[in-house]
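Side chains included, hydrogens not; waters and symmetry mates left out as well; all remaining heavy atoms used. Lettering follows sequence order; numbering is per chain, from 1.
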Amino acid sequence: MSGLNPDQYDAVNTLSGPLLVLAGAGTGKTRVITFRIAKLIKSGVPGERILGMTFTNKAANEMKERLGRMLGQGTASGKTAKKKPAQDDHIPTISTFHSLCVRILRRQIEPLGYPKKFAIYNRGDQEGLARNVLRELNVADKLLAPSQLLFWIGNWKCKSMSPEQAIVACDTDAQHLAAVGYQRYQRQLKLKGAVDFDDLLLLTERLFQEHEEIRILEASRFDHILVDEYQDTNTSQYRIVKALADHRNLCVVGDDDQSIYGWRGAEVEHILNFHRDWPDAKVVRLEDNYRSTEAIIEVANTLIRFNATRHDKVLRAARPGGERPGVLQFPNETVEAQETVHDIRRRLEQKGREPRDFAILFRTNEQPRIFETELRKAKLPYILVGGMSFFDRKEVKDVLSYLRLLDGNPDEVSVLRIINTPPRGIGKKSVETLLNYAIDAKVPLWDLVTGAEMRPPLNAATIRGLDDLTAQIQDIQYQTQDDSLVDIARNLITTIRYRTELDRIYAEPDEREARWSVVEQIVTALGQYEESASKPNLGDFLDRLLLGEQDANDEKEKQLKKNAIALMTMHSAKGLEFPEVYIVGLEEGILPHHRSLESDSSIDEERRLCYVGVTRAEERLTMSMSLTRMKWGKPRDTKPSRFLYELTGKAEHPNYQKPRGV
DNA sequence: GACTCGAGTCCCGCC
DNA sequence: GACTCGAGTC
């Protein structure tokens with residue numbers, strides 16, 4: 001326990017009772033949490049009685065790794081540990097909220113009327129459902145598009161609102177329509193035995209509310225709870241934490257200046273009001289920043305002071321001096337990318353830096369493309385973090401849908417996806433007939449496919465197709481009963497002739513290879529999972545993959561090990577640090593994002609996001625913008641981000657605010 | 001039923 | 001510029 005300052009030491013050694021750690025950026029939050037867990041264990045608390053909660057898998061993995069080093073062992077549900085730990089049971093659980101909720105629901109969901117093997121729907125699946133709902137309601141796209149419906153549903157859900165509550169809270173006709181859609185959407189999900197991501201939290205919350213005995217059972221699993229990034233908890237997460245913390249040994253850590261998840265329902269009030277929930281809570285403040293140089297901290301402080309409503313706190317730099325952060329302007333985004341990569345290469349060669357010392361941070365997921373191109377040209381290793389794009393790929397969706405089926409979980413979305421992929425003569429019309437029949441007869445679609453339920457009249461080609469599919473799936477299930485998961489997947493891909501299908505669709509050899517390699521990556525991920533999990537099974541693998549616990553991107557893993565330049569959004573960068581950071585695309589409309597320009601409070605959140613970006617840098621920070629940017633096929637003029645003026649001291653300080661009402 | 005082509009849209013951020 | 005969707009053709 002060496003190397004802690006008095007405040008950190010205080011936080012680490014307060015072992016019981018409610019504790020609030022208000023910690024600025026770079027003040028050693030994660031360190032305090034990990035030290036505290038280690039200390040608890042050393043003081044005799046069994047590891048399995050400790051629960052650490054994080055918001056991202058990255059944070060969870062990092063904490064597991066640190067803890068592993070500190071205690072010289074692995075941690076539960078961690079794939080970071082090479083060997084399976086000897087005593088699996090004495091290890092603390094480090095988990096994201098969603099992962100924790102999935103585990104609770106897999107054990108206890110039945111009282112809520114969902115099947116134990118519920119499917120988890122992601123964005124793509126949700127869209128299909130939303131479309132169905134709108135079709136059912138006979139709503140024209142212009143009145144309410146599927147994406148809008150999902151937007152509203154997401155909004156209500158992250159505020160923990162039921163459809164009934166949403167209907168009451170509506171202002172406009174479109175909203176009211178969405179609320180009705182929300183009700184139908186939930187009904188459909190339940191009918192299909194599926195939940196979406198938000199439901200994972202909502203249902204857990206409801207489970208605890210309606211079934212006290214389950215709440216007590218789940219709460220009794222742990223004696224200590226630690227929550228990182230507490231400022232980012234939404235209503236459900238807040239209630240779940242409270243419901244689990246009977247023992248009162250609750251330690252939360254956070255920073256209101258880094259609250260960047262307001263759009264998914266996070267409320268800073270939770271951290272600001274912690275002492276109201278727990279009046280005897282001890283409060284520890286960490287204000288010494290050990291990460292960045294004084295020059296960088298100065299920029300960060302200057303910027304964040306423009307936010308009106310915040311806890312006034314100072315961030316003191318422990319590292320004096322330092323290079324002044326640079327602000328660069330480029331003619332267009334190609335030059336911006338080229339020059340950034342050029343600069344990195346120069347510093348790699350001249351300053352003895354390593355690729356892993358660099359990060360390029362951006363606001364939206366379309367920005368990295370051009371940087372990827374330039375990095376590839378320069379033959380520099382990079383890793384693109386985040387972005388669910390892996391799951392958006394057709395091949396991934398296809399293979400995962402088949403795997404869900406093989407897991408004995410033939411939910412409708414998966415069945416519809418693969419029923420005619422590869423083509424087996426089952427046309428749109430037939431699928432529609434089947435689907436309508438399934439709805440009318442209240443039987444699962446899959447039972448019509450297999451013929452377990454009486455099928456409606458269909459043409460001969462369709463029947464042959466359905467029988468083929470059924471035979472294929474049953475063959476695999478029969479042949480591979482005792483096989484490893486990897487063998488099952490291989491058998492599947494061969495049986496459905498997926499490679500042939502890819503070759504048929506894609507003419508370009510390069511594209512064929514690229515697509516096929518994605519399929520192989522899934523198999524590799526399955527192999528990795530099988531090695532690390534204590535009781536591997538297909539359903540658990542699919543859960544983990546969907547929750548992001550299991551990395552399916554083989555290339556990514558390799559590069560990570562290989563030491564690579566990190567490309568990520570500022571949201572993903574939270575909690576991380578790099579010696580050299582480039583924040584790119586600092587333009588009005590990007591950061592702050594144009595969708596946030598309507599209200600002051602969302603501009604404040606954009607500013608906090610920028611603050612998070614700035615405070616990732618340890619030694620060198622470069623911010624850049626380009627004067628024109630391609631948008632919808634045409635180069636368009638841009639305006640420098642207001643944050644650039646603010647952080648360079650060129651904007652009016654809020655102390656000299658313009659008169660009201662102007 | 002499978003495939004091609006052209007019109008229409010532009011979906012933040014994450015688990 | 002990239003992608004999806006629906007009409008139209010074989």
Side-chain angles (χ1 to χ4, degrees), chain A residues 53-60 95-102 120-124 126-127 130-131 141-142 145-151 154 157-158 195-201 229 232-234 236-237 259-266 333 361-367 369-370 385-389 391-392 394 420-432 458-462 464-465 504-505 543-550 568-575 585 589-597 602 605-606 608-610 612-613 629-636:
Chain A
M53 312 272 267
T54 62
F55 276 78
T56 63
N57 286 298
K58 240 182 295 115
S95 164
T96 62
F97 273 92
H98 285 81
S99 300
L100 180 80
C101 289
V102 166
I120 303 170
Y121 279 9
N122 63 14
R123 183 77 200 181
Q126 286 174 271
E127 255 161 41
R131 200 153 291 151
D141 244 33
K142 285 194 183 65
S147 58
Q148 278 172 295
L149 175 62
L150 288 178
F151 171 81
K157 282 193 172 182
C158 73
V195 307
D196 66 16
F197 265 88
D198 298 321
D199 282 341
L200 295 175
L201 301 178
E229 311 284 12
D232 284 333
T233 46
N234 68 20
S236 299
Q237 289 161 332
S259 161
I260 54 173
Y261 284 104
W263 51 273
R264 63 172 201 201
E333 74 270 32
L361 306 182
F362 38 83
R363 175 65 174 86
T364 69
N365 274 319
E366 59 177 354
Q367 286 172 269
R369 266 207 160 96
I370 188 140
V385 179
M388 289 290 274
S389 57
F391 290 95
D392 293 339
K394 174 185 153 41
N420 200 34
T421 306
R424 42 174 78 87
I426 305 166
K428 248 185 264 167
K429 198 88 196 158
S430 305
V431 172
E432 210 172 293
L458 299 157
N459 64 43
T462 306
R464 210 176 316 124
R504 188 184 66 88
I505 307 178
D543 277 358
R544 282 172 180 237
L545 206 56
L546 209 58
L547 292 165
E549 278 177 59
Q550 180 81 33
M568 64 181 101
T569 64
M570 281 173 250
H571 281 95
S572 313
K574 190 157 74 155
I590 294 184
L591 184 70
H593 195 269
H594 67 90
R595 300 284 277 243
S596 71
L597 295 179
S602 27
E605 182 156 317
E606 296 285 304
R608 289 194 290 269
L609 187 57
C610 188
V612 166
R629 184 171 295 270
M630 285 294 244
K631 201 181 175 192
W632 301 340
K634 282 199 174 122
R636 286 158 212 268

Nearest-neighbour nucleotide for the A:Arg264 side chain, B:dG13, B:dC15, B:dA2 considered: B:dC15
Nearest to side-chain heavy atoms of A:Trp632, which nucleotide of C:dG1, B:dC3, B:dC15: C:dG1
Stacking check A:Trp263 vs B:dG13 (5.5 Å / 30 deg): yes
Checking all strands, does A:Gly633 fall into the base, sugar-phosphate, or nothing category for heavy-atom contacts under 4.0 angstrom? base
Tabulate atom names and distances for all N/O pairs under 3.5 angstrom spanning the protein and nucleotides 4-10 of chain C.
from, atom 1, to, atom 2, distance (Å)
C:dC5, OP1, A:Arg131, NH1, 3.2

Assign each of A:Ile590 and A:Ser430 to its nearest nucleotide of DNA chain B by heavy atoms, then name whichever residue's nucleotide is nearer the 5' end. A:Ser430
A:Phe362 has an atom CZ; how far is it from atom P of B:dG13, in whole Å? 9 Å
Could you check whether any side-chain heavy atom of A:Val102 comes within less than 4.5 Å of a side-chain heavy atom of A:Leu546, counting everything from C-beta outward? no
With a 4.0 Å cut-off on heavy atoms, is A:Asp543 in touch with a base, just the backbone sugar-phosphate, or nothing at all? nothing
As a test of reading the structure: which of B:dC12, B:dA2, B:dC14 is closest to the side chain of A:Pro423, going by heavy atoms? B:dA2
Does the side-chain ring of A:His593 sit on the six-membered ring of the B:dC12 base, less than 5.5 Å centre to centre and under 30° in tilt? yes
Does either side chain, that of A:Glu605 or that of A:Ser596, offer a donor lying less than 3.5 Å from an acceptor on the other one? no
Only one of A:Leu201, A:Leu100, A:Asp232 passes side-chain contact (heavy atoms from CB on, under 4.5 Å) with A:Gln237, and that residue is A:Leu201
Checking all strands, does A:Gly548 fall into the base, sugar-phosphate, or nothing category for heavy-atom contacts under 4.0 angstrom? nothing
Given DNA chain B, 5'-ward residue of the pair A:Thr569 and A:Thr462, judged by closest heavy atom: A:Thr462
I'd like to check the side-chain hydrogen bond (donor to acceptor under 3.5 Å, both in side chains) partners of A:Arg131; sequence neighbours left out, ordered by chain and number. none
Could you check whether the side chain of A:Arg363 and the base of B:dC12 have a donor-acceptor pair of N or O atoms closer than 3.5 Å, going by distance alone? yes
Short side-chain N/O contact to B:dG13 OP1/OP2 from A:Asn365, under 4.0 Å: yes
Pick base, sugar-phosphate or nothing for A:Asn420, based on heavy-atom distances below 4.0 Å to the nucleic acid. sugar-phosphate
Considering residues at least two apart in sequence or located in another chain, which fulfil the side chain to side chain contact (heavy atoms under 4.5 Å, CB included) criterion with A:Thr56? A:Lys58, A:Ala59
Checking all strands, does A:Phe55 fall into the base, sugar-phosphate, or nothing category for heavy-atom contacts under 4.0 angstrom? sugar-phosphate
Taking the side chain as every heavy atom from C-beta outward, state whether A:Ile260 and A:Met570 have any pair of such atoms under 4.5 Å apart. no
Which listed nucleotide (C:dC3, B:dC14, B:dC11) is nearest to the side chain of A:Arg369? C:dC3
Side-chain N or O of A:Ser99 less than 4.0 angstrom from OP1 or OP2 on B:dC15? no
Name the closest nucleotide to the A:Arg595 side chain, picking from B:dG13, B:dC15, B:dC12. B:dC12
Does A:Phe55 reach the side chain of A:Thr233, with side-chain heavy atoms less than 4.5 Å apart? yes
Heavy atoms only, 4.0 Å cut-off, all strands: where does A:Tyr261 land among base, sugar-phosphate and nothing? sugar-phosphate
Between A:Glu127 and A:Arg123, is there a side-chain N and carboxylate O pair less than 4.0 Å apart? yes
Base, sugar-phosphate alone, or nothing: which one does A:Lys631 contact when heavy atoms must sit under 4.0 Å apart? nothing
